[in-house]
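Scope of the values below: all heavy atoms of this structure, side chains included, with no hydrogens, waters or symmetry mates. Every chain is numbered from 1 and lettered A, B, ... according to where its sequence line falls, protein lines coming before strand lines. In this text, all values refer to a predicted model and were calculated from it rather than measured experimentally.
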Amino acid sequence: MENAGSISIIKSGLLDTIRDKGRVGFRHVGIPVNGVMDASAYFIANLLVGNVEKEACIEMTFPSAEIRFNDNLFFGLAGGNFDAHLNNSSIQAGKCYNAQAGDILTFKKQISGNFIYLSVAGGFLINEVLTSKTTNLKSGFGGWQGRKLMKGDLLEVKSASIKPNNRIYLDYAHTRPTQSIIRCMNGPEFHLLSTQQQKTFFDFNFTIDKQSDTMAYRINGDKIFQHQISMASSGVNMGTIQLLPDGNMLALMSDHQTTGGYPRVLQIIQQDIRVLAHYPYQKTFQFEIISLEEAIEVEEKDILNRTNIAKAYLKTIG
Amino acid sequence: MRLTQSDYQLIPLYEYGLLINFNIKLSDPTYILQVRNEIVKRFKSIIVDFVPAYHSLTIHLSRPHLVTTILSNIDSLLTNFEFGDVKYEKIQLTIPVCFGDAFAFDKKRICDLLNKDWTTITKELTQQTFTVYMLGFLPGFAYMGMLPENLKLPRLESPRKKVTAGSVAIADLQTGIYPTESPGGWNIIGRTPIAMFDLKNEQPTLLQVGNIVRYVEITEDEFYVIQNNPTQWKTQVA
């Protein structure tokens, strides 16, 4: 199949990487998933350009790269709002745009959220490594040469099998982290905390520390959460909250290791991980406990919701 | 050996996974793999990933609603689970290690803390075998044990920002080899020229849970000879 064209990075961003849903099936040998920070935005970004089979996107932080379209291409954005412009016109997330050869995509200001997804119709031409196109930055493989995108990189785009609908608008393409409640389930070691600690977890106002990255968000805790619990290393997940001995916490994010040796006190539900992912540093939030059954219901509802959105979209393109 | 209900706990971990914690001391990590194999055999179509660790097995599933339905199925599978003999499955590997000054960055610290000379320590390290208990931390990083009590050391006060790939290290009663360059807090005793993680291989990590590993001392000259031609070193013992 002939390629549809290419894009070029004309100015490096802070951390722009090729991502897909992740490298699943290798956690037993220590290979992490390295998926996306916001799975919903990733889904919407793909749908916008008619990529029914999800394709790798560029996950961008701010300051973001400047990108030139070398050919006529359809693209879409979802996730945060970084005040995107195509040449001199402001463009918005949730719509499909038709860029012409030579058009320049820039992001001017971080208005909300921490991550934005850029999709292209047909998807980027990226080789799969261990079943996935996603980037493992730490060990330097997958994605684009196992690293973040830099000035001078040229990414080829595959031909699309569907012509996307560029008149549609998907309202929920923006992730707005307005809620200040992060819903969690009890983690396997929660019961090892004192009654006072357990209670305080749900009264406390937490903030995210600036020393955070895509491996883990450091959550500012308190002396009251200090502990001396020791445990053997065991499996961890995205959204697992590990309690450090000093009373601070690590919320594990998309690039987390496969195992950890700190007590897993809470597990953020999948739907709220992305809320935390986009959360601003200075703003406080609280944890709220929900049952496994409730968490499963929320997640199943979201799967159904996505299926319906995808069906509705496909109808508009016949 | 047969499992009883009090030997394990079955804990839902999140919307797509559950955790089996073993309360009994499993003398060999391949016991966990036997449990894994049985679960995978019965529920193959819904399991996407698993993580064996020291006393636990994490299982990842393809859909949320499966977590509650599979819990009771796995519970009945585990109750009265009969472990088979483990001896036949073990793969033995020899890994060449240079304990020379060029690579053994924590030699002085280790000698001081253990109050032994380097030759005694390295001899002790090469005279025994280690079992791979789990992989984690980095792709291909194997947690191996157990070291003799008299070689037990704490981790470094503050971790190194950069540890070179191939560095062989010890901490507590464990030993491990850094597959790629990374920060690290273990005591560095030497370096191997053999790759622990290589995407060119069908099986990208050299070590797997249950492997038996022996360190073989090599000189610095031999280190570079093997590094330039790694295929000449046969890691697997027939």
Asks: Of all heavy-atom pairs between Pro188(A) and Ile11(B), which one has the smallest distance, and what is that distance?
Replies: CB-CD1, 4.3 Å
Asks: Evaluate whether atom CG of Asn201(B) has more than 12 neighbouring non-hydrogen atoms of other residues, nucleotides or ligands under 6.0 angstrom away.
Replies: yes
Asks: Determine whether the side chains of Gln270(A) and Tyr16(B) contain a donor N or O and an acceptor N or O closer than 3.5 Å.
Replies: no
Asks: Could you state the interatomic distance from CD1 (Ile273(A)) to OH (Tyr14(B)), rounded to the nearest 0.5 Å?
Replies: 9.0 Å
Asks: Check each atom of Ile269(A) against the heavy atoms of chain B and say whether the ones under 4.5 Å are side chain, backbone, both or neither.
Replies: both
Asks: If you look at every heavy atom in Glu299(A) and Pro64(B), which pair is closest and at what distance?
Replies: CG-CG, 3.4 Å
Asks: Looking at Gly136(B) and Thr258(A), what are the two nearest heavy atoms and their distance?
Replies: CA-OG1, 3.6 Å
Asks: Apply the side-chain contact (heavy atoms from CB on, under 4.5 Å) test between His60(B) and each candidate in Val33(A), Val24(A), Asn237(A); give the one that qualifies.
Replies: Asn237(A)
Asks: How close do Pro12(B) and Leu292(A) get, heavy atom to heavy atom, and via which atoms?
Replies: CB-CD2, 3.5 Å
Asks: Nearest 0.5 Å, what's the OG-NE2 distance between Ser234(A) and His55(B)?
Replies: 9.5 Å
Asks: How far does OG1 of Thr68(B) sit from CD1 of Ile296(A), to the nearest 0.5 angstrom?
Replies: 4.5 Å
Asks: Give, as side chain, backbone, both or neither, the part of Glu293(A) having an atom under 4.5 angstrom from any heavy atom of chain B.
Replies: side chain
Asks: Indicate, with yes or no, if the rings of Phe26(A) and Phe50(B) have centres closer together than 6.0 Å.
Replies: no
Asks: Using non-hydrogen atoms and a 4.5 Å limit, figure out which bit of Gln9(B) sits close to chain A: side chain, backbone, both or neither.
Replies: neither
Asks: Does atom CZ of Phe287(A) have more than 12 heavy-atom neighbours, drawn from other residues, nucleotides or ligands, at distances under 6.0 Å?
Replies: yes
Asks: Tell me, for Val129(A) versus chain B, whether the close heavy atoms (under 4.5 Å) come from the side chain, the backbone, both or neither.
Replies: side chain
Asks: Side chain, backbone, both or neither: which part of Pro179(B) has a non-hydrogen atom closer than 4.5 Å to chain A?
Replies: neither
Asks: Starting at CD1 of Ile31(A), measure out to CG of Leu138(B) and round the result to the nearest 0.5 Å.
Replies: 11.0 Å
Asks: Is Arg63(B) salt-bridged to Glu300(A), cutoff N-O under 4.0 Å?
Replies: yes
Asks: If every non-hydrogen atom of Leu130(A) is compared with every non-hydrogen atom of Leu199(B), which pair is closest and at what distance?
Replies: CD1-CD2, 3.7 Å
Asks: To the nearest 0.5 Å, how far apart are CZ in Phe141(B) and CD in Gln257(A)?
Replies: 10.0 Å
Asks: I need the Leu135(B) CG to Arg27(A) CZ distance, nearest 0.5 Å.
Replies: 14.5 Å
Asks: Non-hydrogen atoms of chain A under 4.5 Å away: do they reach the side chain of Leu19(B), the backbone, both or neither?
Replies: side chain
Asks: To check you understand the geometry: which heavy-atom pair defines the closest contact between Thr259(A) and Phe137(B), and what is its length?
Replies: OG1-N, 3.6 Å
